[in-house]
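Only one structure is covered here, and it is reproduced in the block below.
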Amino acid sequence: MSSANTESFKEIFKSENDIPDEYKIQEIHQRVYLLNGELVDWKGDVTEIYSPVCIRTENGLERKLLGSIPNIGPKEAMEVLEASVKAYNNGLGEWPTMSVEGRIKCMQKFVYLMIKERDLIIKLLMWEIGKTLPDSTKEFDRTVDYINQTIDALKDLDRESSRFQQAEGTIAQIRRAPLGVVLSMGPFNYPLNEIFTTLIPALIMGNTIIFKLPKHGVLAHYPLLNAFKEAFPKGTVNTLYGKGSEIITPIMESGKVNVLAFIGSSKVANGLKKLHPKVNRLRAILSLDAKNAAIVTKNANLDIAVSEIILGALSFNGQRCTALKLIFVQKDVAEEFTAKLNKAVSELKSGLPWEKDVKITPLPEANKPSYLKECIEDALSKGGKVLNENGGYNEESFVFPAVVYPVNSDMKLYHEEQFGPIIPVVPFDSIEEPIDYQVNASHGMQVSIFSEDALEVSKLIDPFVNLVSRVNINCQAQRGPDVFPFTGRKDSAEGTLSVFDALRSFSIRSLVAAKSTESNKNLLNTIVRDHDSNFLSTDYLF
Ligand SMILES: NC(=O)C1=CN([C@@H]2O[C@H](COP(=O)(O)OP(=O)(O)OC[C@H]3O[C@@H](n4cnc5c(N)ncnc54)[C@H](OP(=O)(O)O)[C@@H]3O)[C@@H](O)[C@H]2O)C=CC1
Ligand SMILES: O=C(O)[C@H](O)COP(=O)(O)O
């Protein structure tokens with residue numbers, strides 16, 4: 001590593017005075033949590049929240065203190081659970097019995113209040129998890145779009161389920177009914193957007209919610225507490241902060257959670273499921289780990305492959321479940337491909353989240369740099385090399401991306417989900433090799449195939465469609481657009497999320513059925529018209 005480059009990395013972190021005024025942030029010492037429609041004062045222990053962005057001080061580099069949150073204990077956690085159970089009231093509470101139109105109005109009020117907090121939330125995302133300004137902005141705007149799309153999808157679903165269907169002398173209306181108390185938990189990498197992909201559909205379908213905030217990204221929710229309080233009936237949404245193992249364990253053990261909506265690691269998800277005394281009665285909607293492969297064949301357009309792989313492997317420093325975490329390249333083009341990849345990686349700008357054109361930013365998890373170093377050292381000890389000059393260079397919470405080559409199946413980087421800025425590249429002769437990798441993997445989320453040969457692409461699509469849940473052709477892996485189903489096989493997921501799928505995932509079909517006589521038809525038609533609201537269709541099946 002040249003000393004000039006090393007020196008420039010050292011300049012990434014600034015002193016407080018060098019941070020532009022518009023990006024300076026006030027500490028938030030949150031002392032409330034949302035319980036039964038009230039912001040309850042917290043007088044107990046707190047957890048301090050630090051930024052991955054370090055500040056240069058006389059004593060050296062120090063992670064900036066962003067504020068603190070309540071460290072809620074098991075007793076309060078059980079009160080949160082009871083509030084959610086009471087608000088649901090076996091499906092007879094105010095929220096689960098509210099009309100679809102009423103629920104939509106509450107959600108629209110929430111969106112209105114949320115948008116007022118846009119600037120603060122974007123700033124908090126940058127400071128708390130080190131996401132760049134464009135990506136933090138996208139996370140916020142995508143979440144608002146997601147809620148609006150969910151509202152539209154619910155109108156369609158309600159229109160569909162208010163109709164009657166007829167079969168074998170029976171007429172039936174197939175309604176969608178809520179499931180009960182939903183425990184919604186999410187990861188640090190999309191603290192706002194990912195949790196909302198379960199919380200919002202679960203909520204709008206009439207369930208009540210316990211909402212456990214992730215420890216990184218928790219403050220980004222602070223401006224929304226009041227919005228939840230104002231927009232929804234009391235007890236509908238209740239929040240939790242604190243040590244997962246202490247507060248979630250008694251909640252799961254109570255058996256009163258009907259749905260576990262969890263986005264994060266399969267290890268934690270499986271542990272939580274096992275705590276439920278009647279696990280067969282628990283619906284689990286899980287979005288979990290993945291180590292998505294990219295396959296670059298000798299027929300690929302290498303420029304397209306490189307630019308998409310950079311996006312896929314290094315957006316938000318590789319901290320996405322959909323990130324490309326293992327790159328297979330056919331030996332015929334391996335040298336040319338790795339040379340192009342190196343060049344592209346070395347041109348990436350590192351810096352603080354709000355700085356212009358920055359792509360590589362500090363990592364929020366304190367132990368991540370040492371874990372990444374361990375992965376690189378393991379590869380080096382087994383014949384791998386770091387190809388790019390500054391690959392793996394670490395300064396406090398900052399790690400420069402490393403291209404590691406050649407990677408083989410003896411290395412950690414072949415099997416473990418690095419969830420960080422390392423691009424492991426595996427050379428292969430036969431296409432059977434990446435297929436074998438996927439067959440033997442414990443996960444199955446996505447794959448990206450790079451080839452311009454139609455026959456080759458079609459031969460690869462077939463096995464992979466049966467091994468993962470999305471095959472990307474000549475592009476990176478990703479979750480969006482949010483109207484498309486998002487799921488995975490094996491340890492990668494349980495259930496399906498998306499604007500449309502999630503409404504179904506968080507509800508059950510409940511039939512209203514009658515013999516198909518003229519008098520029943522007239523009776524039920526009248527009921528349907530009464531149920532109709534101003535946006536519902538008035539055309540029925542009979
Ligand atoms: N498929 C998908 O959509 C996504 C999957 N992921 C996966 O998530 C992982 C990275 O995210 P990460 O946040 O580290 O995931 P974790 O599984 O560690 O954490 C997820 C949530 O579980 C909580 N939690 C952690 N341990 C416990 C416990 N023992 N008891 C109760 N709750 C607990 C965390 O709270 P706290 O923060 O307080 O510890 C957090 O809210 C990767 O494996 C990644 O692939 C990430 C994003 C999306
Ligand atoms: O949290 C994750 O990793 C997301 O599910 C990835 O979403 P994205 O592909 O839209 O970045």
Side-chain angles (χ1 to χ4, degrees), residues 47 49 69 71-72 74 77 128-129 131 135 138-139 142-143 146 183-198 210-218 221 239-253 260-275 285-292 311-325 363-368 371 416-420 442-446 448 469-470 472 475-482 484 486-498 502:
T47 304
I49 306 291
I69 51 159
N71 204 1
I72 287 172
E128 267 195 289
I129 59 163
K131 199 170 258 194
D135 285 352
K138 191 169 155 200
E139 173 157 359
R142 177 181 185 179
T143 307
Y146 183 89
L183 171 60
S184 178
M185 298 174 60
F188 76 85
N189 65 334
Y190 272 96
L192 185 72
N193 179 267
E194 287 261 42
I195 289 186
F196 276 29
T197 64
T198 64
I210 302 171
F211 176 18
K212 155 76 174 79
L213 293 137
K215 70 175 163 275
H216 301 290
V218 60
H221 288 272
T239 60
L240 275 179
Y241 311 84
K243 293 194 185 77
S245 49
E246 284 175 20
I247 56 177
I248 300 299
T249 302
I251 288 183
M252 287 305 289
E253 283 175 347
L260 173 64
F262 182 94
I263 304 182
S265 61
S266 57
K267 189 167 159 244
V268 175
N270 292 333
L272 292 182
K273 262 171 72 178
K274 282 190 198 134
L275 295 174
I285 309 294
L286 313 176
S287 227
L288 309 169
D289 356 279
K291 190 165 168 86
N292 309 298
L311 278 177
L314 296 179
S315 299
F316 193 38
N317 308 302
Q319 301 165 119
R320 296 156 64 224
C321 64
T322 47
L324 293 173
K325 295 172 187 140
L363 309 176
E365 292 178 294
N367 56 357
K368 193 44 85 66
Y371 169 71
E416 290 184 19
E417 187 192 12
Q418 66 270 35
F419 217 69
S442 57
H443 49 81
M445 189 179 280
Q446 300 201 14
S448 287
S469 62
R470 174 162 164 169
N472 302 287
C475 68
Q476 65 149 325
Q478 59 191 326
R479 176 163 44 118
D482 292 332
F484 289 154
F486 180 57
T487 181
R489 295 168 182 271
K490 301 184 192 169
D491 282 349
S492 287
E494 214 172 301
T496 305
L497 292 172
S498 85

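Counting starts at 1 for both ligands and their atoms, following the listed order. Predicted model only: the values in this text are computed from it and were never measured.
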Those residues that, when tested against Pro214, pass side chain to side chain contact (heavy atoms under 4.5 Å, CB included) (two or more places apart): Pro191, Ile195
What's the shortest distance from atom 35 (O) of ligand 1 to any protein heavy atom, and which residue and atom give it? Lys212 NZ, 3.1 Å
Flag Lys325 as yes when one of its N or O atoms lies below 3.5 Å from any N or O atom of ligand 1, and as no otherwise. no
Whether Phe262 lies under 4.0 Å from ligand 1, heavy atom: yes
Looking at Asn292 and Ala323, would you say the former's side chain and the latter's main chain have a donor-acceptor pair under 3.5 Å? yes
For atom 11 (O) of ligand 1, grab the closest protein heavy atom and report residue, atom and distance to one decimal in Å. Pro187 CB, 3.6 Å
Suppose we measure from atom 18 (O) of ligand 1 to each protein heavy atom; which comes out shortest, and what is that distance? Ser265 OG, 4.0 Å
Check Val268 against ligand 1 and report side chain, backbone, both or neither, counting heavy atoms closer than 4.0 Å. side chain
min-distance protein heavy atom vs atom 29 (N) of ligand 1 -> Ser245 CB, 4.0 Å
Side chain proximity check, Lys215 to Phe188, heavy atoms < 4.5 angstrom: no
With a 4.5 Å limit on heavy-atom distance, are the side chains of Phe316 and Ile129 in contact? yes
Within a distance under 4.0 Å of any heavy atom of Gly244, pick out the atoms of ligand 1 and give their elements. 30 (N), 31 (C), 32 (N)
Top protein contact for atom 2 (C) of ligand 1, by heavy-atom distance: Cys321 SG, 3.0 Å
Quick one: look at Thr249 and ligand 1, take heavy-atom pairs under 4.0 Å, and tell me if it's side chain, backbone, both or neither. neither
Sub-3.5 Å pairs, protein N or O with ligand 2 N or O:
| from | atom 1 | to | atom 2 | distance (Å) |
| --- | --- | --- | --- | --- |
| ligand 2 | 1 (O) | Asn189 | ND2 | 2.9 |
| ligand 2 | 1 (O) | Glu194 | OE2 | 2.2 |
| ligand 2 | 3 (O) | Asn189 | ND2 | 3.1 |
| ligand 2 | 3 (O) | Cys321 | N | 2.4 |
| ligand 2 | 5 (O) | Glu194 | OE2 | 2.8 |
| ligand 2 | 5 (O) | Arg479 | NE | 2.9 |
| ligand 2 | 7 (O) | Arg479 | NE | 3.0 |
| ligand 2 | 7 (O) | Arg479 | NH2 | 3.3 |
| ligand 2 | 9 (O) | Arg320 | NH2 | 3.0 |
| ligand 2 | 9 (O) | Thr322 | OG1 | 2.7 |
| ligand 2 | 9 (O) | Arg479 | N | 2.8 |
| ligand 2 | 10 (O) | Arg142 | NH1 | 2.7 |
| ligand 2 | 10 (O) | Arg142 | NH2 | 3.1 |
| ligand 2 | 11 (O) | Tyr190 | OH | 2.5 |
| ligand 2 | 11 (O) | Arg320 | NE | 2.8 |
| ligand 2 | 11 (O) | Arg320 | NH2 | 3.4 |

Suppose I only count heavy atoms of Phe486 and a 4.0 Å limit; which atoms of ligand 1 are within that range? 3 (O)
Can you find an N/O atom of His216 closer than 3.5 Å to an N/O atom of ligand 1? no
Donor-acceptor pair, Gln476 side chain versus Ser448 backbone, under 3.5 Å? no
Side chain proximity check, Lys131 to Asn189, heavy atoms < 4.5 angstrom: no
Within 4.0 Å of some non-hydrogen atom of Ile263, the atoms of ligand 1 are 2 (C), 3 (O), 4 (C), 20 (C), 48 (C)
Identify, for atom 7 (C) of ligand 1, the protein heavy atom at the shortest distance, and state residue, atom and that distance. Gly264 O, 3.2 Å
Counting heavy atoms under 4.0 Å, the part of Thr322 that contacts ligand 1 is neither
Ranking Glu417, Met252, His443 by closest non-hydrogen atom to atom 42 (C) of ligand 1, top hit is Glu417
As an exercise, identify every atom of ligand 1 less than 4.0 angstrom from a heavy atom of Asn189. 46 (C), 47 (C)
Within the supplied structure, the quantity of interest is the number of heavy atoms (other residues, nucleotides, ligands) at a distance under 6.0 Å from Lys490 NZ; does it exceed 12? yes
Using a strict cut-off of 4.0 Å, indicate which atoms of ligand 1 neighbour a heavy atom of Asp289. 43 (O), 45 (O)
Can you tell me which residue and heavy atom of the protein come closest to atom 48 (C) of ligand 1, and the distance to 0.1 Å? Glu194 OE2, 2.8 Å
Based purely on interatomic distance, does Ser287 place a nitrogen or oxygen under 3.5 Å from a nitrogen or oxygen of ligand 1? yes
Rounded to the nearest 0.5 angstrom, the CD1-CD1 distance for Ile251 and Ile210 is 4.5 Å
State whether a side-chain donor-acceptor pair under 3.5 Å links Tyr371 with Glu365. no
Under 4.0 Å from ligand 1, counting heavy atoms only, is it the side chain of Tyr190, its backbone, both or neither? neither
Looking at ligand 1, does Lys267 have a heavy atom less than 4.0 Å from it? no
Enumerate the atoms of ligand 1 whose separation from the nearest heavy atom of Phe188 is less than 4.0 angstrom. 13 (O)
So, using side chain to side chain contact (heavy atoms under 4.5 Å, CB included) as the criterion, who are the partners of Asp289 when residues are at least two apart? Ser265, Ser266, Glu417, Asp491
Is there a side-chain contact between Pro187 and Phe419 in this structure, where contact means two heavy atoms from C-beta onward sitting under 4.5 Å apart? no
Minimum-distance protein heavy atom relative to atom 41 (O) of ligand 1: Gly186 O, 2.9 Å
Any donor-acceptor N/O pair, Lys325 side chain to Ala290 backbone, under 3.5 Å: yes
With sequence neighbours left out, the residues meeting side chain to side chain contact (heavy atoms under 4.5 Å, CB included) with Thr197 are Tyr146, Asn193, Glu194, Ile263, Arg479, Leu497
Between Lys212 (side chain) and Leu240 (backbone), is there a donor-acceptor pair under 3.5 Å? no
Side-chain donor-acceptor pair under 3.5 Å between Thr487 and Ser469, yes or no? no
Does Thr239 use its side chain to pair, donor to acceptor, with the backbone of Phe211 at less than 3.5 Å? no
Compare all side-chain heavy atoms of Thr47 with those of Lys243 and state whether any distance is below 4.5 angstrom. no
Are any side-chain N or O atoms of Gln446 and backbone N or O atoms of Gln478, one a donor and one an acceptor, separated by less than 3.5 Å? yes
Closest by any non-hydrogen atom to atom 14 (O) of ligand 1: pick that one out of Glu365, Met185, Met445, Lys243. Glu365
